[in-house]
**Q** 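My structure is below; once you've seen it, I'll send some questions.
Lettering of chains follows the sequences in order, A, B, ..., and the numbering in each one begins at 1. Bear in mind that the values here come from a model prediction, so they are computed numbers and not experimental data.
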There are 2 protein chains.
Amino acid sequence: MTTIRDVAKRAGVSVTAASYALNDTGTIGDATRKRVLEAAEELNYHPNAFARHLKNRQTLTIGVFISRFGGSFYEEVLEGIHSVILDTDYELLVCPESRSTRRMLLHRQVDGAIVFDSKIPDESILKLASRRFPIVLLDRALQNDFVLPLLLDNAQGVREAFRHLYEQGFHKLAFVAGAADSFDSAERMETFFAEAESHQLTVDVYQGNFTEISGYETAKAIIYEHTLPEAVFCANDQMAIGFLRAMREHDLSAPKDIAVVGFDDIPLSRYTQPQVSTIGTSRFEWGASAAHQLIDFLENETPFQPQRIPTHFLPRESSTQKQVVQEKP
Amino acid sequence: MTTIRDVAKRAGVSVTAASYALNDTGTIGDATRKRVLEAAEELNYHPNAFARHLKNRQTLTIGVFISRFGGSFYEEVLEGIHSVILDTDYELLVCPESRSTRRMLLHRQVDGAIVFDSKIPDESILKLASRRFPIVLLDRALQNDFVLPLLLDNAQGVREAFRHLYEQGFHKLAFVAGAADSFDSAERMETFFAEAESHQLTVDVYQGNFTEISGYETAKAIIYEHTLPEAVFCANDQMAIGFLRAMREHDLSAPKDIAVVGFDDIPLSRYTQPQVSTIGTSRFEWGASAAHQLIDFLENETPFQPQRIPTHFLPRESSTQKQVVQEKP
DNA sequence: TCAAAAAAGTGAAACGTTTCACTTGATAAA
DNA sequence: TTTATCAAGTGAAACGTTTCACTTTTTTGA
């Protein structure tokens, strides 16, 4: 490994001069600078990031902590984050969950974090966050000066979906919840309940866990009960898709026998048969927003602006009677 | 930030003793060790990763360099990598393409790399790789003692697909290539050509770029020509899906008018109408293999074992005449 | 022409670890 | 009792940067 010392020697200057030349800081003559840069080139020199970070107490890196890669859900969020980072001096690191995640966070290997992993406990977040280490949360409603929750406006989309179901006369309702520790699932359920209540309706609840199979199994369970609901709201699309699969196996069809609504608008949702009514949001914008606020905080100490990411209901075949709403795949 | 110095002071021992106690190295008495660990706990001490790495010249981290997050293609590969890393002491960092990628690579912030980003030039790879910095390549056939290509066995799948088409009597063939700089596209094309040649057939080639739209437009172009091919092989599924979309718009149906085959077996491919015949592979295993070999090299200097990831043809509706092969979605 | 100011460059400390070479005191062996 | 061995612990150097405080040289302005 060639160090700045080697470069300095080759250029015949002090280490300081070499550092100044390489970083374009300090005061250094043009001739010297050139000589240093040439030497660096010739020696194929690249500064040791660790030494630099150790000295600077800054990494110019932001970390994204997700629980796993799968689910095709994070993808667009990550792309949004990436798109913002590309225009800055920052680098982007994505770290999937594991004991090492905590280590990374704790060891301050990044200047700030975007967290999308509900397995990281609230206390950790609160303990870690500081002016020097701001954190943006995409998965829970926790907040202080250095912790910014950036959440979906679940209520908006759910209300639209409820109205859509209600106005078509679906009044016997069920709700399939997602993972028990999920903030989003809880909020979606709350809203759905509140709406139902204000229309003097009740809702049967089933506990799922966001997977396709849990939707499938919930549907089976419901079908084996004596009375079917008229409409079921699943806390995400994967469960809705599983639900529909089970219905198909029992020769039930949506929306004729049960209307089905999901959440997320994953790509698949418009390719199934029937297409899944769902609630969409711009995940790309979501990620971009998060990155934006984080960078702004880091660079200019711009205070965090809590904000909700808009969502909107997308009526499709699985919950729409009569004239079929056909979207081109 | 609390440092090891603070911990040592609080425990009333030297910095060395503290370090030994914390890392379980050196010789240190039980009583002292306990005192140090307590002090660390009380002060909420976490070692500074940069200082440590600087000293150790080791990061216990492997980096994955991809061009972008989108495409739902990397996802499973990443999961495979992750699954292996979880069982080791290593951490996983994923870094999307940008000027910073090069920086990261160059600055040795990781102990080894898995590269899936054809924008990184061959020379960079060769220049960087060394016993101390092994690199696994998922996107090109470059090799030496410290550079391991782990590629799909494109030939295998393509041959199966060719046979499937040939035996059904599709003898007028076309090939839609992917991005011009893609190794995989080139290899798929080569194999397809070789097969055709050995059966005294010729193939019309069209240049696509792996996107859905390029498949769509190629189809348009072909349809406007006077004679349609009997079968078209697209270098990936997205193009095949685009191709089918264009066919539908012209009231052509697969395989009746043109049989269509893709590559990759992306989730969507079995949800389209008709379902896309394609060539599948276990991307999860692919990632796992890469991680495995890299870790093995790092820990035990186990020499790299070049190997091809098996692929297999999956006949589906878009290329199968008569009895329809129906897979459950 | 001379003092003052600016430009160009230097040496050494510091960032927070780990670890080598060493000291101290106790225990065991002769 | 003396010496050798061992366990427990210490001080300081080293990792590769950046930057502060300083020196030397050149330029400027009167």
**Q** Check whether B/Thr25 reaches the backbone of B/Asn23 with its side chain - one donor and one acceptor, N or O, closer than 3.5 Å.
**A**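 Checked: no pair found.
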
**Q** Quick one: B/Lys34 NZ to D/dA8 P, roughly how many Å, whole number?
**A** 15 Å

**Q** Closer to the 5' end of DNA chain D via nearest nucleotide, is it B/Gly29 or A/Ile4?
**A** B/Gly29

**Q** Under the side chain to side chain donor-acceptor pair (under 3.5 Å) rule, collect the residues that match up with A/Arg308, sequence neighbours excluded.
**A**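 For A/Arg308 the side chain to side chain donor-acceptor pair (under 3.5 Å) partners, ignoring immediate neighbours, are A/Glu187.
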
**Q** For B/Arg33 and D/dA8, is the shortest distance between a side-chain N/O and OP1 or OP2 below 4.0 Å?
**A**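 No, no such contact exists.
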
**Q** Can you list everything that forms a side chain to side chain contact (heavy atoms under 4.5 Å, CB included) with B/Ala17? Sequence neighbours excluded, please.
**A**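 B/Val13, B/Ser14, B/Ile28.
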
**Q** Just say parallel, tilted or perpendicular for the rings of A/Phe50 and B/Phe50, cut-offs at 30° and 60°.
**A**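 Plane angle between 30° and 60°, so tilted.
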
**Q** Does A/Glu42 have any side chain to side chain contact (heavy atoms under 4.5 Å, CB included) partners at least two apart in sequence or in another chain, and if so, which?
**A** A/Arg10, A/Glu38

**Q** Are OP1 or OP2 of C/dG16 and a side-chain N or O of B/Arg52 less than 4.0 angstrom apart?
**A** no

**Q** Taking five pairs at each end of the helix from C/dT1-D/dA30 to C/dA30-D/dT1, what angle separates the two helix axes (nearest 10°)?
**A**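 Computed angle between terminal axes is 40°.
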
**Q** Select one nucleotide: of D/dG16, C/dG16, C/dT10, the one nearest the side-chain heavy atoms of B/Asn48.
**A**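 Nearest to the side-chain atoms of B/Asn48, counting from C-beta on, is C/dG16.
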
**Q** Can you tell me how far P of C/dG9 sits from CG of A/Asp24, to the nearest Å?
**A**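 Spelled out: CG on A/Asp24 to P on C/dG9 is 14 Å.
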
**Q** Using side chain to side chain contact (heavy atoms under 4.5 Å, CB included) as the criterion, list what pairs up with A/Thr281, not counting sequence neighbours.
**A** A/Leu152, A/Arg283, A/Ile309, A/Thr311

**Q** Could you tell me how far apart A/Arg57 (CZ) and C/dT17 (P) are, to the nearest whole angstrom?
**A**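 Roughly 10 Å, once rounded to whole Å.
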
**Q** Measure all distances between protein nitrogen or oxygen atoms and nitrogen or oxygen atoms of nucleotides 19-22 of chain C, and list the pairs falling under 3.5 Å.
**A**
| residue | atom | partner | partner atom | Å |
| --- | --- | --- | --- | --- |
| C/dT19 | O4 | B/Thr16 | OG1 | 3.1 |
| C/dC20 | N4 | B/Tyr20 | OH | 3.0 |

**Q** Assess whether one donor atom and one acceptor atom, taken from the side chain of B/Thr27 and the base of D/dA8, lie less than 3.5 Å apart.
**A**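 Side chain to base: pair found, below 3.5 Å.
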
**Q** Considering residues at least two apart in sequence or located in another chain, which fulfil the side chain to side chain contact (heavy atoms under 4.5 Å, CB included) criterion with A/Pro306?
**A**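 So A/Pro306 forms a side chain to side chain contact (heavy atoms under 4.5 Å, CB included) with A/Gln143, A/Leu148.
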
**Q** Which residue pairs pass the salt bridge (charged side-chain N to carboxylate O under 4.0 Å, His left out) test with at least one member in residues 16-30 of chain A, sequence neighbours excluded?
**A**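 Residue pairs with at least one partner in residues 16-30 of chain A: A/Asp24-A/Arg33, A/Asp30-A/Arg33.
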
**Q** If I take atom CD1 in residue A/Ile28 and atom P in nucleotide D/dT23, what distance separates them, rounded to the nearest angstrom?
**A**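 That distance rounds to 18 Å.
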
**Q** So, using side chain to side chain donor-acceptor pair (under 3.5 Å) as the criterion, who are the partners of B/Ser182 when residues are at least two apart?
**A**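 For B/Ser182, no residue satisfies side chain to side chain donor-acceptor pair (under 3.5 Å) once neighbours in sequence are set aside.
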
**Q** Expressed in angstrom and rounded to an integer, what is the separation of B/Met1 atom CE from C/dT17 atom C1'?
**A** 14 Å

**Q** Whole angstrom is fine here: how far is it from CG in B/Leu54 over to C1' in C/dA14?
**A**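 Taking atom C1' of C/dA14 as the reference, CG of B/Leu54 is at 12 Å.
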
**Q** In terms of the nearest nucleotide of DNA chain C, which residue is placed more toward the 5' end: B/Ala51 or A/Val13?
**A**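 That would be A/Val13.
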
**Q** Whole angstrom is fine here: how far is it from CG in B/Asp6 over to C1' in C/dC15?
**A**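 Nearest whole value for this atom pair: 14 Å.
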
**Q** Rounded to the nearest Å, what distance is computed from the NE2 atom of residue A/His53 to the C1' atom of nucleotide D/dT18?
**A** 13 Å

